[in-house]
Amino acid sequence: MVQMTKSLYERASEVTPPTASRATTLGMVKAEGHYLFSEDGTKYLDFASGVAVTNVGHNHPKVVEAAKSQLDEMIHGGHNVVYYPSYVKLAEKLNELNGGDQMVYFSNSGAEANEGAIKLAKKVTKRPAVISFKRGFHGRTIAATSITASNAAYRKDYEGLLPSVYYADYPYAYQTGLSEEAEVERCLAQLQEVFDFQVHPESVAAIILEPVQGEGGYIVPPKSFLEKLRTLCDEHGILLIFDEIQTGFGRTGEMFAYQHFGVKPDILTLAKGIAAGFPLSGIVAPKKIMEQWPAGTHGGTYGGNPVACAASLASIDILEKEGLPNAKNQGAYFKEALFQLKERVQGIGDVRGVGLMLAIELRKEDGSPDPDMLSKIRAVALDEGIILLGCGTKKNVLRFIPPTTVKREEIDRVIDVVERVLKDN
């Protein structure tokens, strides 16, 4: 009797817990450019990019070359022990990209960066409280879970979490039916109620938010909302933290999303697309803030790994030379194509996003969320060799996260699949 070889999914199911489940059951053995190759030899167009990580595509030759070169020189030195070139060069580059007079602290993941940013804000202000936003996602460690409010399942059985965390409404004009101006005023009034009834602003160390919400539904706030938050923080001595874990490194067509809005945070957290798939994250803040973070008050073993930093420098170079202009051009084309699709078919309630961080919100004829349609589109796309992901608190938002180097014919291929499924409904 011939023994059937188990798939990677089947093997993993025997040795990893349910919490390590995936968005698909695919086992992949190779990645190149905009494609993943499965264990059965199927080629998949990757419009997930490892959840906004491989922003310059998979295994870009320049990234591979930089990583291999660094491997020959040093794999680990320990940023609590020694200094090494790729670490310092990357810190210098991030300082330059954020206007100068900045300092950078490296960690391994987005959650770690957000944890560090909270600690930094508390250390500098000597205040206990943090304000976050509903539908925001900031990670899965304890403090990051505490400031995440996109899904109660992420918090279930882990209460109590970090104390003195409060939640405000994030502008979502499509959901409320208000004009953008009215929605901003509603959210600011609700934030004022937090100050009036729950926590005094002089007790708040930081306000943290994604400049474009990711997990919560790819929701883009009006520019005036971020501008008024900036003014509010300045008035009360509150540090403004932008979580650009998903929005950074070309995802929105600019190196960082805050550049679209002309609003600069006090503390910027970065990860995902920073190093083309190598584990790395960073906290960027002005010297006047960072210099108040004494030695011994934060640390970590693997942060700023030499190979990851080398890969990041190569990735940033690719973004500056080709990724950013392509993301702007193809993002504009993609968004317009989605608007046109909305006119041709039923089921799309909203089209939104910036650059190549785009989404459509799926709604039924009665206006209610349509998570079943999201599942159907993803399943058909997967059958046709395309990987897509969903998001949104109602699980009804289809998000598109292609590499910044995506080609127009690849966008057209995805649009075609989505259109056919919606028309067949």
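Position 1 is the first residue of the sequence; numbering continues from there. Bear in mind the structure is a predicted one, so any value in this text is a computation, not a measurement.
- For the pair R408 and Y333, the cation-pi test (distance below 6.0 Å, angle within 45°) is passed.
- Residues L338 and I415 form a side-chain contact, since some pair of their non-hydrogen atoms from C-beta on lies under 4.5 Å apart.
- The minimum heavy-atom distance linking Y105 with G300 is given by the pair OH-N, 3.6 Å.
- When ring centroids are compared, F106 and H79 stay outside the 6.0 Å threshold.
- For the side-chain hydrogen bond (donor to acceptor under 3.5 Å, both in side chains) with T405, the lone residue among H34, E322, Q330 that qualifies is H34.
- The backbone N or O of A275 sits nowhere less than 3.5 Å from a side-chain atom of S315 that would complete a donor-acceptor pair.
- Put simply, the side chain of N59 never gets that close to the backbone of E32: no donor and acceptor are under 3.5 Å apart.
- Side-chain contact annotation: Y35 with E410, donor-acceptor N/O pair under 3.5 Å present.
- Taken to the nearest 0.5 Å, the CG atom of L382 stands 5.0 Å off from the CG atom of L26.
- Shown are T54, L280, T247, V51; of these, the side chain to side chain contact (heavy atoms under 4.5 Å, CB included) with K272 is made only by V51.
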Decide side-chain contact (heavy atoms from CB on, under 4.5 Å) for L8 and R11; before the verdict, give the C-alpha distance in whole Å, the side-chain angles of both, and the deciding distance to 0.1 Å. CA-CA 5 Å; L8 289 169; R11 290 166 57 191; 3.8 Å; yes
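- Across every non-hydrogen atom of A314 and V63, the tightest pair is CB-CA, 4.0 Å.
- Counting heavy atoms from C-beta outward, D243 and F137 have side chains that stay 4.5 Å or more apart.
- Here the side chain of S49 pairs a donor or acceptor atom with the backbone of I401 at under 3.5 angstrom.
- A donor-acceptor pair is defined here as one N or O able to donate and one able to accept, closer than 3.5 Å; no such pair exists between the side chain of S368 and the backbone of K364.
- In this structure, a donor-acceptor pair under 3.5 Å is present between the side chains of Y218 and Q246.
- Contact check on E65 versus K62 returns no salt bridge, with no Lys/Arg side-chain nitrogen under 4.0 Å from an Asp/Glu carboxylate oxygen.
- For the pair P306 and E73, the minimum side-chain heavy-atom distance is 4.5 Å or more.
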I would like to know whether I283 and W293 meet side-chain contact (heavy atoms from CB on, under 4.5 Å); could you show each step before the answer? CA-CA 12 Å; I283 303 167; W293 212 9; 4.0 Å; yes
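- With hydrogens and angles left out, the side-chain atoms of S150 and E215 include no donor and acceptor closer than 3.5 Å.
- Using modelled atom types, no side-chain atom of E180 and backbone atom of A173 make a donor-acceptor pair closer than 3.5 Å.
- The backbone N or O of R22 lies less than 3.5 Å from no partner atom in the side chain of Y9, so there is not a single donor-acceptor pair.
- Only one option out of V421, I386, D372 pairs with I377 in a side chain to side chain contact (heavy atoms under 4.5 Å, CB included); it is V421.
- Of all the heavy atoms in P279 and A308, the pair that sits closest is O-CB, 3.6 Å.
- Side-chain contact between V220 and F261 is present, with heavy atoms from C-beta onward closer than 4.5 Å.
- A pairwise comparison of heavy atoms in A149 and Y167 identifies CB-CD2, 4.0 Å as the closest pair.
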For the pair L90 and I316, evaluate side-chain contact (heavy atoms from CB on, under 4.5 Å) and give the outcome as yes or no after the intermediate values. CA-CA 9 Å; L90 181 56; I316 290 170; 3.8 Å; yes
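- Smallest separation of non-hydrogen atoms from C309 and Y87: SG-CA, 3.8 Å.
- Within the 3.5 Å criterion, the main-chain N or O of D169 finds a donor-acceptor partner in the side chain of Q190.
- Rounded to the nearest 0.5 angstrom, L356 CG and L324 CG are separated by 10.5 Å.
- With rounding to the nearest 0.5 Å, the separation of CG in N108 from OG in S281 is 6.0 Å.
- The closest donor-acceptor contact from the side chain of N114 to the backbone of H138 lies under 3.5 Å.
- Salt-bridge check for D412 with K407: failed, with every basic side-chain N at 4.0 Å or more from each acidic carboxylate O.
- Checked by atom type and distance alone, the side chain of R155 pairs as donor or acceptor with a backbone atom of S146 at under 3.5 Å.
- With Y154 as the aromatic partner, R140 meets the cation-pi criteria of under 6.0 angstrom to the ring centre and within 45 degrees of the ring axis.
- Summarising the geometry, atom CD1 belonging to I274 is positioned 11.5 Å from atom CD belonging to E244; distances are rounded to the nearest 0.5 Å.
- Two residues are said to be in side-chain contact when any heavy atoms from C-beta on lie closer than 4.5 Å; L229 and L209 meet this criterion.
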Step by step, would you call Y258 with L226 a side-chain contact (heavy atoms from CB on, under 4.5 Å)? CA-CA 9 Å; Y258 76 77; L226 298 184; over 6 Å; no
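- Using a 4.0 Å cut-off between charged side-chain N and carboxylate O, K321 and D317 make a salt bridge.
- In this structure a side-chain-to-backbone donor-acceptor pair under 3.5 Å is missing from R363 to G347.
- The shortest heavy-atom contact between F278 and A311 is CD1-CB, 3.4 Å.
- Of the charged side-chain nitrogens involved, at least one lies within less than 4.0 Å of a carboxylate oxygen, so that R186 and E183 count as a salt-bridged pair.
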